[in-house]
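So that the names make sense, note that chain A is the first sequence line, chain B the second, and so on, each numbered from 1.
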There are 2 protein chains.
Amino acid sequence: MTTSRPGGRDRPPGERGDLLDPRCPTRQLLDRIGTKWTSMAVKVLAEQAPGEVRFAELRRRIPGISQKMLSVTLQSLARDGLVARRVEPTVPPAVHYRLTELGRSLEGPLSALRVWAETHMPEIDRNNQLADEPPPTG
Amino acid sequence: MTTSRPGGRDRPPGERGDLLDPRCPTRQLLDRIGTKWTSMAVKVLAEQAPGEVRFAELRRRIPGISQKMLSVTLQSLARDGLVARRVEPTVPPAVHYRLTELGRSLEGPLSALRVWAETHMPEIDRNNQLADEPPPTG
DNA sequence: TGACGAGGTCACGTTAGGGAACTAGGCTGA
DNA sequence: TCAGCCTAGTTCCCTAACGTGACCTCGTCA
């Protein structure tokens with residue numbers, strides 16, 4: 001997702017003169033939760049909220065995710081302040097994650113979206129199949 | 001957004017085997033509305049719903065979008081059945097877009113997300129800045 | 001001749017996401 | 001003593017996709 005300047009080059013002056021509004025918060029939010037694993041992680045964490053989930057447990061609950069992507073996703077969420085990270089200095093170190101207050105407040109809108117998705121995705125899939133079909137005779 | 005494919009329904013056989021659960025509708029939805037311009041287009045169209053908006057007008061209302069991306073975005077939305085496309089056979093042809101019933105039903109959850117984003121993005125930005133700062137002494 | 005409207009196409013750069021290998025370090029077993 | 005295991009990452013490298021600008025169409029109007 002590139003909200004930043006594409007290509008890094010500058011555009012001719014006096015052209016349209018405007019770049020993208022960096023103030024569109026919805027885009028910024030979707031840049032975050034729209035990444036492949038983020039919403040799943042939030043969901044899994046929300047299911048346990050206000051409890052904590054460990055790294056390996058998250059991995060287990062998010063089928064298909066790699067260590068790296070889970071790590072990257074959690075770091076991103078932690079940076080945003082949506083999840084909190086607690087390290088137990090045992091050996092091997094145990095790291096616990098939980099949604100923050102902010103993260104839990106996101107669960108409402110996100111679950112609304114989830115409900116919509118579960119309700120309407122079949123219809124969207126059907127629409128796509130219709131669009132793939134050859135046009136009806138006539 | 002790897003699962004979305006604007007122009008190809010099946011993947012080459014013998015790829016890396018399997019992809020993620022295709023049964024996660026939330027991911028599929030986010031693959032769609034998470035693309036850079038989709039949510040903006042939906043928003044602009046929703047503001048005019050149930051009225052129509054023309055291509056050039058959409059372009060004007062979405063600062064920074066290129067013709068191509070607007071075109072691609074609208075095609076994708078039309079494929080999904082979220083927007084309807086009406087061509088007036090004038091010269092030059094005038095194409096009108098509007099949200100379908102399905103599209104308008106998405107506006108609810110989406111606007112909830114938008115409200116959340118507008119409310120909390122400053123906090124998220126602040127959290128990011130805090131994360132960038134050097135750790136406090138002591 | 002050029003602009004408009006609604007795109008299509010091409011070449012290109014950036015980015016997300018993926019795999020595999022590597023790290024830390026106390027504990028266990030040989 | 002040394003190898004190997006465990007968790008939670010990190011690093012490198014690669015590819016597919018996403019998004020971009022530039023240029024093209026086509027008919028009419030000025």
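- Every residue two or more places apart in sequence or in another chain was checked for a side-chain hydrogen bond (donor to acceptor under 3.5 Å, both in side chains) with B:Thr100, and none qualifies.
- To the nearest 0.5 angstrom, B:Phe55 atom CZ is 9.5 Å from B:Arg85 atom CZ.
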remark   = With sugar-phosphate taken as primed atoms, P, OP1 and OP2 and all else as base, the protein-contact string of nucleotides 24-30 of chain D at under 4.0 Å (heavy atoms; B, S, -) is ----S--
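- In the helix from C:dT1-D:dA30 to C:dT23-D:dA8, the rotation axis of the first five pairs and that of the last five pairs differ in direction by 20°, rounded to 10 degrees.
- At a threshold of 4.5 Å between side-chain heavy atoms, the hydrophobic network of Ile, Leu, Val, Met, Phe, Trp and Tyr places A:Val72 and A:Val53 in two separate groups.
- Under the 3.5 Å distance criterion, with hydrogens and angles disregarded, no donor-acceptor pair is assigned to the side chains of A:Ser76 and A:Thr73.
- To the nearest 0.5 Å, the span separating CG on B:Leu45 from CD on B:Glu52 amounts to 10.0 Å.
- Atom CZ of A:Arg54 sits about 8.5 Å away from atom CZ of A:Arg60, to the nearest 0.5 Å.
- By the side-chain hydrogen bond (donor to acceptor under 3.5 Å, both in side chains) test, B:Asn128 pairs with A:Arg79, A:Asp80, sequence neighbours left out.
- OP1 or OP2 of C:dG7 has at least one side-chain nitrogen or oxygen of B:Arg85 nearer than 4.0 Å.
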Could you list, one pair per line, each protein nitrogen or oxygen that sits under 3.5 Å from a nitrogen or oxygen of nucleotides 9-12 of chain C, together with the distance?
none

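- Here B:Ser71 reaches the OP1 or OP2 of C:dG8: one of its side-chain N or O atoms lies under 4.0 Å away.
- Note on A:Tyr97: every side-chain N or O is 4.0 Å or more away from OP1 and OP2 of D:dT7.
- Neither OP1 nor OP2 of C:dG5 sits under 4.0 Å from any side-chain N or O of B:Arg54.
- In terms of phosphate contacts, A:Lys36 brings a side-chain nitrogen or oxygen within less than 4.0 Å of OP1 or OP2 of C:dG18.
- Legend: residues meeting salt bridge (charged side-chain N to carboxylate O under 4.0 Å, His left out) with B:Arg61, ordered by chain and number and at least two apart, are B:Glu47, B:Glu57.
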